[in-house]
Each structure stands twice: as C-alpha cells, then as structure tokens.
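Have a look at the structure below before the remarks.
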There are 2 protein chains.
Amino acid sequence: MSNPIFLGIIGVGGVGSAFISQLARLPNPPILVLLARSTQTLLAPAPEYSPPIPAADWKFAVESPSLTKTGPLSPEEISAYLASAPGRSILVDNTSDPTIAGSYPTFLRKGISVVTPNKKGFSSDLALWKNIFDAASQGNALVYHESTVGAGLPVLSTLRDLVATGDEVTRIEGVFSGTLSFLFNTFAPSSGSSSAKWSDVVSQAKELGYTEPDPRDDLNGMDVARKLTILARIAGVEVESPDSFPIESLIPAELAGLPSTSEGISQFMGRLPEFDGQMTAIKEGAEKQGKVVRYVGSIDVGKKEVRVGLQYFDSDSAIAGLKGSDNIISFYTKRYGSNPLIVQGAGAGGEVTAHGVTADLLKVVERL
Amino acid sequence: MSNPIFLGIIGVGGVGSAFISQLARLPNPPILVLLARSTQTLLAPAPEYSPPIPAADWKFAVESPSLTKTGPLSPEEISAYLASAPGRSILVDNTSDPTIAGSYPTFLRKGISVVTPNKKGFSSDLALWKNIFDAASQGNALVYHESTVGAGLPVLSTLRDLVATGDEVTRIEGVFSGTLSFLFNTFAPSSGSSSAKWSDVVSQAKELGYTEPDPRDDLNGMDVARKLTILARIAGVEVESPDSFPIESLIPAELAGLPSTSEGISQFMGRLPEFDGQMTAIKEGAEKQGKVVRYVGSIDVGKKEVRVGLQYFDSDSAIAGLKGSDNIISFYTKRYGSNPLIVQGAGAGGEVTAHGVTADLLKVVERL
C-alpha cells in the first residue's frame, strides 16, 4: 500500500469482536482511527489522526493512552471525522442498526467506503438501496456486504460475477437461515427418522443459543425474507421491500398477538406444544411422498417472483441432506444449465461472519 | 474507468471463442489491441494502438480493415507490444500452451497483468510459480487464474480469502475432473444400481465428447494432479511439481506402453475390456461396505500430503451424490469446523470456463 487508508469500526458485539481479532492479525491492516460501541467512541486525535487505536479487543483499546474518548457520535459526526482523515477511509459497520444503515449514503457521498454484515441498508425500502449505490458512484467509494447473506460463504460475490459477466440467472433457491436449517434437519432428517415434537426441537435450539433470544424473530421468516430481497435485487428483480412478497410465518396465527416482552416469549414457548400436531401433519405429508419438508427461499428471476416458506424436497436432494445449521444456495443459470452452481456451509456465527467482513475489507483496500 | 486499459488475447479455441463473445457484451470492456491464434496475429497499429480490434469472433476480426496482420509472434514480441501501449495492459492467455505460461514472468515484470485458465504456469515446477508471483510484485501487475481449477466455480477466490483473512485451512477434498465425475457417477451411481461395464462407460463418454480425444489424458490423473498442485500451493504447501505426490492412474499397467498415436488410442480402447473385472471388483468392494467409489483429490495441509486416486464414500455423502459431470470441492477450516465450506457445479466447458476468465478480467480492471 502506497497511500495510508484509515478505518472506522462501529460495533463490538460477537461479529465485531471476531472481526477486530482477525484485523489484528492482518499483515498490512488499514490504520484504525475510530472504534465505537453504543455508549462510547474512541478516536485517534485529530488533526494528525495519530496515534492510531490498537486493533485489539475493546477493553485493551479503551485503556490505551492518548486517544480521544467521547460518548456516542451521530453518523454525521463519524462521517465528518473519517472524511477529514489524511487519506481514503473505510467504515466497517458491525451492528444491525437501521439508523447507521440509513446513513450509508452520507458516508459514501463523502468518499468513505462501507463494508458491513448489516442487512438493514440493503433489504429495507428499494429507495435506500438505490440511494446507497448512487452515493457510492457519486463519491467514488465502494460498498461490500458479502456477509449480509450466508455470512462468509461466497454468495453475493458469486452472484455479482454471474451478472457482471452476462450470464442469465434464472432461479436462486436455498436454505438461508442457520436456525431454520437446524430446526428442520433435526425435526425431519433425510435419513433415519425422528419422533421429536416440533416444540421440543424449538426449545432445544433456544437452549443451545441457536435461535435469537426471541425465537419468533427466526420463526417469522423475516430474516430469510431480507436475504432474499438482497439476492433478488442483485439479480435484477426490483423488490420494493422485504414484506412485498409471500412469507410463510411459522408463528401460529393464534399466537401472533402475544407481546414481544420476555413474558410474551414465555407465553409463546408455553403454548407452542398446542400446535405440534400441525407440524407433524406437514412432516408426515412429505414422508408419504418420500420427501422431507424444509424452510426455503426462492427467486424466479424471469417471473420476478420471490417466495419464502415450507417446501417438500426429495430425500436424496442436496437441500434435504443438509447437516447441522448449514446454509445451501443454488444458482440456476443459462451457462450452468440443468445442474446449478451450489455454495454450502455455515451461514451464521461470529467467526465466519467476520471472515466475510475481513475478506471484503481486503478487497476494498486493494481497490482504493 | 478514467484511464484506458489495453487487452491482448491469445487463443481462439473453445474457451477463447466463448470469452471473446462474453467480452463483446461487457458494458465497459478494455480496448482489444492484440488477438493471436497459433498461425496468425492481429494488432491495432502502433504507435497509436488504434483502431482497436472489434471484440467479435476471429473471422469477423480478421476481416476488419486497418489492422496489422502478422504470423505468430513470440511471447517477447507480444509483451514488448503490450508494454508500449499508452496505458496499463492485460494479457488473457486462453491456450494450454506451456511456452506462453513459461513467459508470464516476462509479461508481469513489464507491468502487464495476466488472466488465464491455462494450468501450466501454476502447476509445473515450483520455481516457475515463485517466479510468476515475484514478477507480478516487481512489475506491480496482477495475476488471476480462477479458471485453472473448477472452471468458473469460485474455488481459488474462496481459498485465497480464507488464507488472506487468517483462517487455518486443514483439508481440501473433492472431485476435480468433470470427465472422471461423469465416469464414476455413471459406473457406480449412489442411488439405484448400474450393471454397465467400465470400458463401455469410457467408450460412451468418449463418444459424447466428455473425454479428451485420447481418454488416457483423463484416466492418468495428471489433470487432477495439476489442479491439486495449484490448490496446495495457495494453501501454503510447497508442492515441487505435479508428479511429486502419489497419483493413482486408471490406465492399466499392462497398457501403459501403448503409443500416444491414434492407433495407440484404438489399441487402448480395444484392450480396455480385459480390465473390466478389476474395476467391477473395486465397485463391488465399495458396495459391500454400503459405499461408492469415486476418483478424488485431497490435500492434508498440516501433514503436507497430497493424494489423487480412488476412494470409498458413504452413499449419502455429497461426493457420492454428485450428478453428471459436476465438480465438488470441500474446504475444511478451523473457522468452519466439522462441516466444510462446499462449492459445487460444472467444472468444465467453454462457457463456464470463459465465465471465470471474464470475471477475473473485471476484477483486474477494477484494481488497475
């Protein structure tokens, strides 16, 4: 690297911590000048932007001398700080905050590139998506967000390559949620059989930490819908928002009204067994056809149709044979013909999500 | 693109033709100034390097007026021409010629980037590999060769990302030959059964054009060994040459002495049925264990061991379930844990190989 590149990071949760520790081991990392969590911000003192923040965990960084320490800064303040650095700069957003995502255009218009696993900017209103990429073009800045779908798996880069080189992507299909992958691989395994009740499998996943604190945030299908929205848009289908297509929720209609409080979670888990019969009937319906049920997302590019929900698959298909909490994504294209290009593996977890962020960061550094 | 980028292409065979037609449809292609086949070279006239060569098929290009036409040029002559162009330049080598591959360092030292599906430069002696990447670094030029393994599948880019971000790749395993994939998926399918004789399956594949004109070029395992050499080197295992590790050839020892003439091919195909019993015994040995036999390559990174040959796999494994002539590549890493990151799909064919070349070209253009 001939010119210095400056780096700001927001978020020090699971992904953020894993990312910082990957960053610390890079041979030629960009210069870390801003590190923010929800309650506090560390800055390399302007106007020299020196000394830099050590790329280590928050605890170590916060104790290093000579840094400027403030409370939370607004996106405008952060972008002003980074834009004044004596070189190109990059923002890594390791939060899932919609407010920060909503201000990506502000960063990009000032020439600050954005790398993030935060889905909110790319899966909300179509206007924000367009604003982000227009701003990047105007600011001559880059936006990389591989980890918004399938964590570190090469999903978006593969799709972008197919589109950029002129292949015709006809259909994208897959299992996009590690949580729902685990639930169905356990509830309805493709080989052998299971007599586990649906509610027990959900409880087990919750105890193992495989679900969100509120399992309804997985079961409502919105996380999958956001990922499909991103893929569809890259494939050229202008999805207006993640609720503008059919999403089959696994929250029984009778329980939809429960509050999103911790008491509401308890009530939901307590009443879920009442609906085990419905899920068993779906599972047995598949078995009668020699199939298994899975929760999938699919995009028919030609028809501009996006769907998220339950579907039956042959027991010897790749989707049926998925293990653990793996994701699988199949790209059907004109060049690849009847057998799709498939990417498979862990699609969630701090380390592999951070891997996607770090790989994106290296690509941005190469291009700046 | 602010600065013009100039492009030279060598090779107008299956991959070369598909590449040129993909190039012609790019919105902002680099300026084509050299197009060479084995017997003839077209050049945009120096010193203006204008008018450019139309990105179309050879037949159209050769008839366009105002181009300089010569016989074959040496790599030194081609690199001198490209290095004098008024901007950065890229060589795309769509041949499988070892002489051109051997001169990549000459191009790279002059600042000419190289994009190629030609395995020879990266899978021959380790000295050439090192010379190529040293030259790239000295010339501030780039080398992309995604299509040397798995054609357009994101195999090398995925491995390079894992390595660059500090993941520990422990094992790479897969089916790397479309031809051998087809032969074994047909001879020993994972579901149902086949009574086909090995020699009949080889004959059928030859007639369908799935094998090289001389099927022994597939059956000797050298193509797979070259791909494994490339992967191992990227993963940090310094393989000296593609014959410095065990390769199980599927050419019976008794037939190894037949000449590589068309008469030799006929004799080989004529005598192959004598060895059907051996292959049937291997297949049935696998079946007795509830498994299927496949021809795979594997790299144990820790032990620095590379192997190419037959191996038994569980019938419900991803490798056993492969369809048609698909490749599958599994990366086992520290971050991904017990379930590997898997890439699967067509790993041969003009269109998908050219797709990998075009995607590489776009990445080089972005970085120049």
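Side chains are part of it too, since the values below use all heavy atoms of this structure and drop only hydrogens, waters and symmetry mates. Chain letters run A, B, ... following the sequence lines, proteins first, then strands; residues in each count from 1.
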**Asked** Which one of B/Asp167, B/Asp326, B/Leu26, B/Leu361 has the most heavy-atom pairs closer than 4.5 Å to chain A?
**Response**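 Ranked by heavy-atom pairs under 4.5 Å with chain A, first place is B/Asp326.
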**Message:** With chain A as the partner, which of B/Ala346, B/Gly345, B/Ser190 has the greatest number of non-hydrogen pairs under 4.5 Å?
**Reply:** B/Ala346
Please flag which part of [X] lies under 4.5 Å from any non-hydrogen atom of chain A: side chain, backbone, both or neither.
X: B/Leu162; result: both
X: B/Ala164; result: both
X: B/Thr165; result: both

**Request:** Measure the shortest side-chain to side-chain distance between A/Lys363 and B/Asp161 over non-hydrogen atoms and say whether it is less than 4.5 angstrom.
**Result:**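 In contact.
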**Prompt:** So do B/Leu341 and A/Pro154 actually touch side chain to side chain, heavy atoms under 4.5 Å?
**Reply:**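 The answer is yes, as the side chains (C-beta and beyond) meet within the 4.5 Å cut-off.
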**Request:** Determine the minimum heavy-atom distance between B/Leu153 and A/Tyr336, stating which atoms define it.
**Result:** N-OH, 3.5 Å
**Request:** Please round to the nearest 0.5 Å and tell me the distance separating atom CD of A/Glu366 and atom CZ of B/Arg367.
**Result:** 3.5 Å
**Message:** Using 0.5 Å steps for rounding, measure from the CD1 atom of A/Ile328 to the CD atom of B/Gln344.
**Reply:** 7.0 Å
For chain B, find which of [options] contributes the most heavy-atom pairs closer than 4.5 angstrom.
options: A/His355, A/Lys323, A/Arg25; value: A/His355
options: A/Glu351, A/Arg335, A/Gln22; value: A/Arg335
options: A/Leu362, A/Asn339, A/Thr358, A/Val343; value: A/Asn339

